[in-house]
Amino acid sequence: MSQVYVEDLPQHVGNEVLIQGWLWNKRSSGKVRFVLVRDGTGWVQGVVTPDADSATFELAESLPQESSLRMWGTVRADPRAPGGHELLVRKIEAVHIPQQPFPIGLKEHGVGFLMDHRHLWMRMRKQVPILRIRDSVLWAIREFFHQRGFVATEVPIIVGTAVEGTTTLFSLDYFGQPAYLSQSGQLYLEATCAALGKVYWIGPVFRAEKSKTRKHLIEFWMAEAEQAFLDHQGNLQLQEDLVRYVVESVVRCRARELEELERDATKLREEVRPPFARITYDEAIRLIQGRGVPIHHGDDFGAEAEDALSQEFGRPVFVERFPRKLKPFYMKKDPTNPQVVLCADLIAPEGYGEIIGGSQRVDTEQELLEQLGEDNLPVEPYGWYLDLRKWGSVPHSGFGLGVERVVAWIAGLPHIREAIPFARTLTRLYP
RNA sequence: UCCCCGGUAGCUCAGUUGGCAGAGCAGCCGGCUGUUAACCGGCGGGCCGGAGGUUCGAGUCCUCCCCGGGGAGCCA
C-alpha cells in the first residue's frame with residue numbers, strides 16, 4: 001500500500017491508507033486512544049480501539065512525543081476530529097522511538113529556549129504553516145518573473161566591492177585579499193541585465209548591522225530584479241504587480257495555512273487591491289509631521305515614521321523621490337529636480353516596514369563619477385561598474401524585495417525570526 | 001552602541017517586610033470506550049546565572065560581570 005499525505009485524506013474517505021509521520025500528541029480515554037500524527041502536510045488524528053491488534057493498542061498508549069511511525073487505517077469524515085477527517089487505525093508500526101522526552105512541550109515556551117531549539121521547534125504547530133507560506137512566496141516570485149520573460153540569474157556572494165559603504169559588511173580573508181559577503185546583488189544584476197534584458201535573482205545577503213528589532217536579520221533573502229529600458233514609473237508598476245501577485249497567490253494556495261495562523265486572508269486581499277498609494281518624500285514628511293511624529297525635511301524615516309505611514313494608508317504605500325543625500329550613489333537624479341532621486345521605498349501595511357527599495361539607475365559615466373565623488377567613494381573598485389555606462393548604456397531600473405518581511409506580513413508574524421528556517425540574529429549563530 | 005525588562009525544577013512561572021524552596025506542565029506509576037494543548041489520583045525532581053559585599057540570617061538588599069528578551073538608530 002502506498003503512502004497518502006494528510007492534506008490529501010479528504011480524497012480517500014472510506015479507503016484504507018498508509019500515513020507516515022511523527023507523533024505530536026496523544027490522548028486516551030482508556031479503551032479509545034487518539035494518536036495525533038503530522039507528516040509535514042498536515043495533522044491527523046488516528047483512533048485506536050481494542051479492535052486493533054494488541055501491539056498497536058499498546059503503542060497508542062506508550063509511544064512518546066515525536067516518535068516516527070507508520071499508521072494504516074480507514075479514512076472517515078467525523079466532525080469530532082480536528083480538521084474534519086480521521087483515521088480508524090488498523091495497525092501502527094514504530095519507526096523510531098525516542099529514549100528521552102522531546103524538549104518542546106505543547107505548553108508555552110520562552111523565545112530564548114525556542115531559538116536554542118530551532119531545529120526541533122520548526123516541527124511545531126505554527127512553524128510548519130509559516131515555512132509552507134514562505135515556500136509559496138518564493139514560488140510565486142519565480143512564477144511572476146518567469147511569466148514576464150525575466151531570466152533567472154545569479155550574483156556572487158563573495159565580493160570585492162562594497163555596494164553601499166563598508167561599515168555594514170562582513171569581511172573575510174580571500175587568500176590574502178580583503179573580501180566581503182554581499183549585501184546586495186544589484187551592481188552585478190545591472191551587468192547581467194545589459195546581457196539578458198530582464199533579469200532577477202533570489203538569494204541570501206548579509207548585513208553586519210547591530211540591529212536588534214523585530215524587522216531585522218543579519219542574513220536575509222532578497223529578490224532583486226533589473227530591467228533595461230525601464231523607467232521609474234514602469235519600475236513602480238512592476239513592483240506593485242509583483243507584490244499583488246505574491247499575496248494573491250499565497251492566499252489562494254495556502255488558505256489552510258493562513259487559517260491555522262489565524263491570519264485574515266480577506267484583509268490581505270483588500271490590502272493589495274489596486275492601486276497602491278504613491279506619495280513623494282516631501283508629502284510623506286508633511287503627513288508624518290501631521291500625525292505628531294517629530295521629523296524634519298532631510299531626515300530618513302525611523303520606525304515611528306514608517307508606522308505612521310502604514311497606519312495612514314492601511315495598504316502598501318510607495319514613497320518616491322527621496323533627497324539625493326539620503327540615498328546611494330547609483331540612483332538617478334530627477335531631471336526636473338536634481339535635489340531628489342528617482343527612487344521609491346514600498347512600505348507594507350500593519351507596521352511590517354519597508355519591503356522594497358528600488359530606483360532608476362544612473363546611466364551615464366559622467367553622472368556616476370559625480371555621484372561617487374559626492375559620496376566620497378573611491379572610483380577604482382567600481383571600474384567594471386563604470387564600464388557598463390561606456391558601451392550601450394540604457395535607462396534601466398530595478399529593486400530589491402526583502403523576502404522575510406513579506407513572509408512576516410503575509411503570515412502576520414510578530415517577529416521576522418520565524419519567517420526563515422534558521423534565523424541569523426545579532427545574538428544567534430547556533431543552531 | 002544606547003535605553004528598558006528578565007535569569008528560581010526539563011519547560012512556563014510564583015516566592016509577602018530579609019526568616020524551612022513552591023505551583024502548573026513535561027517524566028514515571030495507576031484510572032477512564034470520543035479525546036480536542038483531554039481529564040482524575042500518586043511519585044521523583046533545585047549550585048535560586050556567576051563573583052564579591054551588607055546582615056545573626058540573602059532567591060529577596062548593594063556592586064561588578066555573563067547570558068537572554070523588548071525597543072531605538074541603520075536598513076529590506
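Here is how names work: the chains are called A, B, and so on, in the same order as the sequence lines, proteins then strands, and each is numbered from 1.
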Interatomic distance, [X] [atom1] vs [N] [atom2] [rounded to whole Å]:
X	N	atom1	atom2	value
A:Trp409	B:A76	CH2	C1'	14 Å
A:Leu217	B:A76	CG	P	14 Å
A:Leu120	B:C11	CG	C1'	14 Å
A:Leu169	B:C75	CG	P	14 Å
A:Glu219	B:C75	CD	C1'	16 Å
A:Leu23	B:A26	CG	P	14 Å
A:Gln239	B:A76	CD	P	12 Å
A:Asp345	B:A76	CG	C1'	9 Å

Between [X] and [Y], is the gap from one ring center to the other below 6.0 Å?
X	Y	result
A:Phe206	A:Phe170	no
A:Tyr330	A:Tyr385	no
A:His297	A:Tyr281	yes
A:Phe145	A:Trp201	no

Pair assignment for [N], Watson-Crick or G-U wobble, requiring both distances under 3.5 Å:
N	result
B:U1	B:A72
B:A51	B:U63
B:G46	none

(request) May I ask you to check whether over 12 heavy atoms, not counting those of A:Glu370, lie within 6.0 Å of atom CD? (result) yes
(request) Mark yes when over 12 heavy atoms from residues, nucleotides or ligands other than A:Gln147 sit less than 6.0 Å from its CD; otherwise mark no. (result)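 Yes, CD of A:Gln147 has more than 12 neighbouring heavy atoms, counting only those of other groups under 6.0 Å.
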Determine the contact category for [X]: base if any of its heavy atoms lies under 4.0 Å from a base atom, sugar-phosphate if only primed atoms, P, OP1 or OP2 are that close, otherwise nothing.
X	result
A:Glu306	base
A:Leu36	nothing
A:Gly357	sugar-phosphate
A:Gly110	sugar-phosphate

(request) Decide yes or no, distance alone: a donor-acceptor N/O pair under 3.5 angstrom between the base of B:G34 and the side-chain of A:Glu86. (result)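 When only heavy-atom distances are counted, A:Glu86 does reach the base of B:G34 through a donor-acceptor pair under 3.5 Å.
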(request) Assess whether salt bridge (charged side-chain N to carboxylate O under 4.0 Å, His left out) is satisfied between A:Arg291 and A:Asp307, documenting all intermediate values. (result) CA-CA 11 Å; A:Arg291 285 189 149 250; A:Asp307 288 347; over 6 Å; no
(message) Using heavy-atom distances to pick each residue's nearest nucleotide on RNA chain B, tell me which of A:Pro64 and A:Lys26 is more 5'.
(response) A:Pro64
(message) Quick check on RNA chain B: between A:Leu401 and A:Ser29, whose nearest nucleotide comes earlier from the 5' end?
(response)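 So the residue in question is A:Ser29.
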(request) Measure from NZ or CZ of A:Arg125 to the centre of the six-membered ring of A:Trp43, then state whether that distance is under 6.0 Å and the direction lies within 45° of the axis. (result)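 Yes, a cation-pi geometry.
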What's the gap between [N] and [M] when it is taken at their [atom1] atoms, as a whole Å value?
N	M	atom1	result
B:A58	B:G18	C1'	6 Å
B:C25	B:C39	C1'	14 Å
B:U60	B:A76	P	46 Å
B:U8	B:C28	P	24 Å
B:G24	B:C5	C1'	24 Å
B:U63	B:C56	C1'	23 Å
B:U35	B:G22	C1'	31 Å
B:C61	B:U54	C1'	8 Å

Protein-nucleic acid N or O pairs under 3.5 Å, nucleotides 21-25 of chain B:
none

(request) Could you tell me whether the side chain of A:Trp72 reaches within less than 4.5 Å of the side chain of A:Glu93, counting heavy atoms only? (result)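 Counting from C-beta outward, A:Glu93 and A:Trp72 do come under 4.5 Å.
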(message) Whether the side chain of A:Arg254 engages the backbone of A:Arg132 through a donor-acceptor N/O pair (distance < 3.5 Å, no angle test) should be reported.
(response)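 Judged by distance alone, yes, a pair lies under 3.5 Å.
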(message) Determine whether the aromatic ring of A:Phe34 stacks with the base of B:G34, defined as ring centroids separated by less than 5.5 Å and ring planes inclined by less than 30°.
(response) no
(request) With A:Asp334 as reference, evaluate A:Arg324, A:Gln360, A:Gln339, A:Arg321 under the side chain to side chain donor-acceptor pair (under 3.5 Å) test and give the passing residue. (result) A:Arg321
(message) I need a per-nucleotide contact map over nucleotides 67-74 of chain B, read 5' to 3'. Cutoff is protein heavy atoms under 4.0 Å; write B for the base, S for backbone only, - otherwise.
(response) -SBBBBBB
